[in-house]
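Single-structure report; data block below.
Worth knowing before you read on, the calculation uses all heavy atoms, side chains too, and leaves out hydrogens, waters and symmetry mates. Below, chain A is the first sequence line, B the second, and so on; all start at residue 1.
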There are 2 protein chains.
Amino acid sequence: MKLTARGRYAVTAMVDLAMHEHEGPTSLSDISDRQTISLSYLEQLFAKLKKSNLVDSVRGPGGGYQLSRSCREIFIADIVDSVNEQVDATRCAGKADCQGGETCLTHELWSDLSEQIHNFLSGVDLASLVGKREIQKIAKRQSAFQDTSLRSPDKSTLLPATQI
Amino acid sequence: MKLTARGRYAVTAMVDLAMHEHEGPTSLSDISDRQTISLSYLEQLFAKLKKSNLVDSVRGPGGGYQLSRSCREIFIADIVDSVNEQVDATRCAGKADCQGGETCLTHELWSDLSEQIHNFLSGVDLASLVGKREIQKIAKRQSAFQDTSLRSPDKSTLLPATQI
DNA sequence: TAATACCCGACTAAAATGCTTGGTTATTTA
DNA sequence: TAAATAACCAAGCATTTTAGTCGGGTATTA
């Protein structure tokens, strides 16, 4: 498990994809514009995301990428792993000087901890991130209503508290 | 939050420190030998660990480093943060093109997710890692007893199951 | 006073990162 | 059928980061 900007870009792009799911395929240039990520960098990321079966592609005009399955079935760990081809933390896996002694501590420890982090991120799905984002949007809109005193007397546009 | 080899080294070194806590200060050259991490690299890491008040130092012969507090009060997140001076994920924090729109998605999302990971690693303390390591040692010793048929008739050397 | 071991800063080779350039190919629409 | 679109692909590249070295200190102990 490795957490760098590359993973951040990938997760962001996937959330963008999830948020525009209903509009059909999303082109990378759209994502590039919205999230200000270089187009060709996105291409590289999506090549990996596709290889990992996280997205499907549609070529030609009107084409783009789509989530391969529900955003409730795509987990952050999948995304990060997909673009971050994992480094070989076990480079001395079978070496002579790494037998039972404390030298192995390094790998044992980290691979164990790494697994814990991985398990954790395997429990966070795209839907939950999208959900949070949507909530923020709503909250923002609501406070905007309050701030500018533009709130309409019709309160039906505001979601009930239980839904937030 | 960033997870690289640097963090792995730091965590490993701290676990090593924790495992030799009862022997007084541990010198970096000891850790260097045991964990095969370059001495001067360790020095750099420990300069940061000390600045973060995770370790105390004792100079002169017989000196070395000690945990500043109980290994149950030192968390993995502290260690990783200490050596990995956090990257500025909010570089466009106040920029004009980052107002309320979707451009902000990047930072919002990742800082949120990053916080979740951070919270998770803030719940894992050094003691639990050391504990696991100890358990592995015991298990290994026990299976060694079984494998080589060297198990003595006196079973008092084996810990009761409840202690494992 | 000699040995130990922390402390400190500058430097560096190698790797990774984020990104560019310059294409090709499949598909749709005019 | 031609033009536009957008995925696909490979090579290269400037910068940053990483992991580590080197060469000095300075405090403490024996």
Side-chain angles (χ1 to χ4, degrees), chain A residues 2-13 17 20 23-52 54-66 68 80 83-89 91 106 110, chain B residues 1-13 17 20 23-52 54-66 68 80 83-89 91-92 106 110:
Chain A
K2 213 168 52 165
L3 287 181
T4 63
R6 179 191 250 110
R8 178 170 76 235
Y9 284 136
V11 171
T12 303
L17 214 57
H20 296 86
E23 303 164 21
T26 305
S27 74
L28 293 190
S29 55
D30 279 356
I31 300 180
S32 174
D33 290 343
R34 280 194 292 256
Q35 309 302 336
T36 49
I37 305 172
S38 135
L39 176 60
S40 22
Y41 194 49
L42 279 176
E43 285 181 344
Q44 289 172 39
L45 295 180
F46 274 79
K48 295 184 178 187
L49 293 171
K50 197 192 174 182
K51 200 178 286 181
S52 307
L54 294 174
V55 295
D56 292 326
S57 64
V58 180
R59 302 183 72 155
Y65 286 93
Q66 283 172 314
S68 66
V80 173
V83 299
N84 262 344
E85 67 257 26
Q86 74 253 21
V87 81
D88 55 336
R91 54 180 158 175
T106 317
W110 197 255
Chain B
M1 201 59 172
K2 213 165 53 164
L3 287 181
T4 62
R6 179 193 249 111
R8 180 170 73 237
Y9 285 137
V11 171
T12 303
L17 215 58
H20 297 85
E23 304 164 21
T26 304
S27 74
L28 292 190
S29 54
D30 279 357
I31 300 181
S32 175
D33 289 342
R34 279 194 294 255
Q35 309 301 337
T36 51
I37 305 172
S38 134
L39 176 60
S40 22
Y41 195 49
L42 278 176
E43 284 180 342
Q44 288 174 41
L45 295 180
F46 274 79
K48 297 185 176 185
L49 292 171
K50 195 190 175 183
K51 200 179 286 178
S52 307
L54 295 174
V55 294
D56 292 326
S57 64
V58 180
R59 300 182 73 155
Y65 286 94
Q66 284 172 314
S68 68
V80 173
V83 298
N84 262 343
E85 67 258 25
Q86 75 254 17
V87 80
D88 54 336
R91 56 179 157 175
C92 90
T106 317
W110 197 254

In this structure, how many angstroms lie between the [atom2] atom of [N] and the [atom1] atom of [X], rounded?
X	N	atom1	atom2	result
K51(B)	dC8(C)	NZ	C1'	11 Å
D30(A)	dT5(D)	CG	C1'	12 Å
I37(A)	dT17(C)	CD1	P	16 Å
F46(A)	dC9(D)	CZ	P	15 Å
Y41(B)	dG23(D)	OH	P	21 Å
L45(A)	dG18(C)	CG	C1'	9 Å
L42(B)	dA5(C)	CG	C1'	13 Å
Q35(A)	dC19(C)	CD	C1'	18 Å

Quick one: what's the B/S/- string for nucleotides 9-14 of chain C, heavy-atom cutoff under 4.0 Å, read 5' to 3'?
-B----
[X] near the nucleic acid: base, sugar-phosphate alone, or nothing, with a heavy-atom cut-off under 4.0 Å?
X	value
L28(B)	sugar-phosphate
A5(B)	sugar-phosphate
K50(B)	sugar-phosphate
Y65(A)	sugar-phosphate

Please report, to 0.1 Å, the donor-acceptor pairs under 3.5 Å made by any side chain of residues 41-50 of chain B, with sequence neighbours excluded.
from: K48(B); atom 1: NZ; to: E85(B); atom 2: OE1; distance (Å): 2.8
from: K50(B); atom 1: NZ; to: S57(B); atom 2: OG; distance (Å): 2.9

Would you say S32(B)'s side chain and S38(B)'s backbone share a donor-acceptor pair under 3.5 angstrom?
no
Does [X] place a side-chain N or O at less than 4.0 Å from the phosphate oxygens OP1/OP2 of [N]?
X	N	answer
K2(A)	dT17(C)	yes
Y9(B)	dG20(D)	yes
S38(B)	dT21(D)	yes
S57(B)	dC7(C)	yes

Using five pairs at either end of the helix from dT1(C)-dA30(D) to dA30(C)-dT1(D), determine the angle between the two local helix axes and round it to 10 degrees.
20°
Atom pairs, N/O to N/O, protein against nucleotides 25-30 of chain C, distance under 3.5 Å?
from: dT25(C); atom 1: O2; to: R59(A); atom 2: NH2; distance (Å): 2.6

L39(A) or R6(A), whichever maps to the more 5' nucleotide of DNA chain C:
R6(A)
What pairs with T4(B) under side-chain hydrogen bond (donor to acceptor under 3.5 Å, both in side chains), at least two apart in sequence or on another chain?
none
Shortest non-hydrogen contact from [X] toward [Y]:
X	Y	result
P25(B)	G64(B)	CB-N, 3.7 Å
V83(A)	R6(A)	O-CD, 3.0 Å
K2(A)	V80(A)	O-CG1, 3.4 Å

For D30(B) and E23(B): C-alpha separation, side-chain torsions, deciding distance, then whether side-chain contact (heavy atoms from CB on, under 4.5 Å) applies.
CA-CA 12 Å; D30(B) 279 357; E23(B) 304 164 21; over 6 Å; no
From L17(A) atom CG to I31(A) atom CD1, the distance as rounded to the nearest 0.5 Å:
5.0 Å
By side-chain contact (heavy atoms from CB on, under 4.5 Å) - contacts of D56(A) (at least two apart)
S68(A)
